[in-house]
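Below: the structure, in structure tokens.
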Amino acid sequence: MRRILIISLSFLFLSQLQLRADEGMWIPLLLQSIEGDMQAQGMKMSAEDIYSVNHSSLKDAVVLFGGGCTGELISDQGLLLTNHHCGRGNIRARSTLENNYLRDGFWATKKSDELPNPGLSVTFIVRMEDVTEQVLEGISDNMDEGRRNALIGQKSEALAQEAVKGSHYDAYVRPFYYGNAFYLIVTEKFSDVRLVGTPPDDIGKFGGDTDNWVWPRHTCDFSMFRIYADKDGKPADYSPENVPFKPRHSFPISLRDKKEGDFTLVFGFPGTTQEYLPAAAVKYIIEEEDPLKIGLRDLRLEVMNREMKADSAVFLQYASKQSGVANAWKKWKGEVLGLTKTNKLAVKKAYEAEFQKRVDANPEWKKKYGNILSDFESLYENYGPARTDILYFFEGAMSIEAVSWGNQVSELIRTMEKGDASDDKIKEIAEKLEQRSQSFFRDYSAVIDREIMGKILAQYQKDYAKDKLPDVFQTIDSKFGGNTQAYADDLFERSQFLDPARFESALGKLKLKKLLKDPLYQLVQSFVGPYPTTILPRYQAVAGELEPLNRLYMEAQLAVFGEEKAFYPDANSTLRVTYGKIEGFSPTDGVNYTHYTTLDGLITKNESGHDDFAMPKRLGELYKSGDFGRYAQDGKLWTCFLASNHTTGGNSGSPTIDAEGNLIGINFDRCWESTMSDISYDVSLCRNISVDIRFVLYIVDKYGNAGALLEEMKIVE
Ligand code: ASP
């Protein structure tokens, strides 16, 4: 069976010729089989030009930026582009109230001005290899899951170690198709990555939360970094002696005119998609999971947004946190909208009915796959409540900063209470906490968090039956008449852990009795206590049953529909290619989205006076001068454009490439209606948004006066 499956997986790639161009995130190693289709769509390159281990190819200019974005090399001196929102955490960390790069932007005029970023790294893919046969050898269908996973883990580890023996590379093996296939991935990681330039927030984040996930869009979402290496071109920790890294490939940049229908390719590291979920899962997501997460984040955002607006120091403290919270919040809203609009639940159900019909008609399939759908139905009955508790834990309790901080402090208290750790050990934990407290308090507003605590606790009170609420609610009822805000106010008043001076003094004294009595410790115990004993095991039990069922369902779908439907593997943060074309769409009756926007639109938004559309004065002056130089198309400066590339989170910062392999934009977002593509891609609604590379260079050159950087680039006109 295993062999048949492997053969059928490669057959799937061969049969992809009949597929639509837009849907799918393809493994670069396997592009040969779809090369013909890509070329039929207008691509002028070969599969080897995109991915090759024998000579330089586009893949050598694409990096995983930090943990979850993509970046691309644009010069032979290690110059790299990514999104502003991907670099923003580092830009923020380099900013102070005096040198506020978030607000004012930053441009290094010479290499020695570039700013190091401790903790930031970029990772190249050296090569990928299909190791399915090696990993699954000796694994049988009816093997116990624990044993299966352990064996796969051991083999993967051995293959990875073998692959990097005697080199400075790293390697890992990743499952694809829910563990029906495995790939070895060899990587090279660089950790001296310096900030070269960024526009101010009002350009790089223009449109703010209002425009996030929205078209028409005018955000110049880019930032620029440079990779440094030792003198031999090898990765090295930051050192002033390091030199700019010379990549095997860097993207030429095209300033040529573009038009609707032009071929586009996006190359990057999409994070997670779930295209093959059963209807029962999609129903849970649409009706319960997304609404629940959205509701809990509504509470937090209302407080954060208000307080950030009122105080610029708080704005700086919460800039990254707020963006993180708002980003997913708005995405989930769009996801529900798109899935509902395209009636995906009914579509999935119809697909499943057809699946069942075909399976029932084939005795072999019936025996193996006949009960999959009914098993899903009954599993999801238990999954829902178990998952909901998990969501409350992370999106509720742990989203209160005091609670997650208190949880860290509690480790010390628990260790002291156990009584078996040496004084030195306790001192060591206390010292670590003291260090961590510095970064915690630096970006912490007790005013914000206190109100959030009151609101989140009130939501628990509303949504959970009394007997299912954590113990702390008894105190809230008995001492505070059920008023969660009064409880939170009192806790913030009395806790020793939420104020830097009091915390330092508590650490200095380490009085166990007093620590145990701290109201934050008690709150944490009440929420965190049941997590490992009840909440997590209950969830794990259902998730553990779902895992083999998902794998079997994937195998079954490949067997049943493999010859007529595209089965690209779900995104899993590995390098993927997606191709499509520049095109607009109609999100709703009577509305047509054009495929590009221009600086005119940015100015119009700015004139609305809305805070999210603030722009630097100088940009207005530049606009008035009307001098867009070589960056204009028919006298207009394109800002962003739409295309039908299947992208997701993690594709942020990915190069958007033309038919010849030139950089034409940086992918940074999708339209609101399009975020459903994480669960089900639909070409009628799914578009990715890129910032036009000409807008980027215009800002670097005319706004940032950093035109010298352009001299490093290869510009195609
Ligand atoms: N904005 C997303 C990101 O941050 C990209 C996307 O989901 O389309 O990765």
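Counting starts at 1 for both ligands and their atoms, following the listed order. All residue numbers in this chain count up from 1 along the given sequence.
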Calculate, to the nearest 0.5 Å, the distance between atoms NZ and OG belonging to Lys321 and Ser445 respectively.
-> 8.0 Å

Hey, could you give me the CG/CD1 distance between Leu292 and Ile294, rounded to the nearest 0.5 Å?
-> 9.5 Å

Passing option when Arg226 is tested against Leu79, Leu80, Val193 for side chain to side chain contact (heavy atoms under 4.5 Å, CB included) = Leu79

Please determine if Arg256 and Glu660 form a salt bridge, counting it only when a charged side-chain N lies under 4.0 Å from a carboxylate O.
-> yes

Show the short N or O contacts, below 3.5 Å, that ligand 1 makes with protein N or O atoms; if there are none, say 'none'.
| from | atom 1 | to | atom 2 | distance (Å) |
| --- | --- | --- | --- | --- |
| ligand 1 | 1 (N) | Ser652 | OG | 3.4 |
| ligand 1 | 1 (N) | Phe668 | O | 3.0 |
| ligand 1 | 1 (N) | Asp669 | OD1 | 3.3 |
| ligand 1 | 4 (O) | His85 | NE2 | 2.9 |
| ligand 1 | 4 (O) | Ser652 | OG | 2.7 |
| ligand 1 | 7 (O) | Gly649 | N | 3.1 |
| ligand 1 | 7 (O) | Arg670 | NE | 3.4 |
| ligand 1 | 7 (O) | Arg670 | NH2 | 2.8 |
| ligand 1 | 8 (O) | Arg670 | NE | 2.8 |
| ligand 1 | 9 (O) | Gly650 | N | 3.0 |
| ligand 1 | 9 (O) | Ser652 | OG | 2.5 |

Is it the case that Asn572 and Thr574 place a side-chain donor and acceptor less than 3.5 Å from each other?
-> yes

Cysteine SG atoms at Cys671 and Cys686 closer than 2.5 Å | no

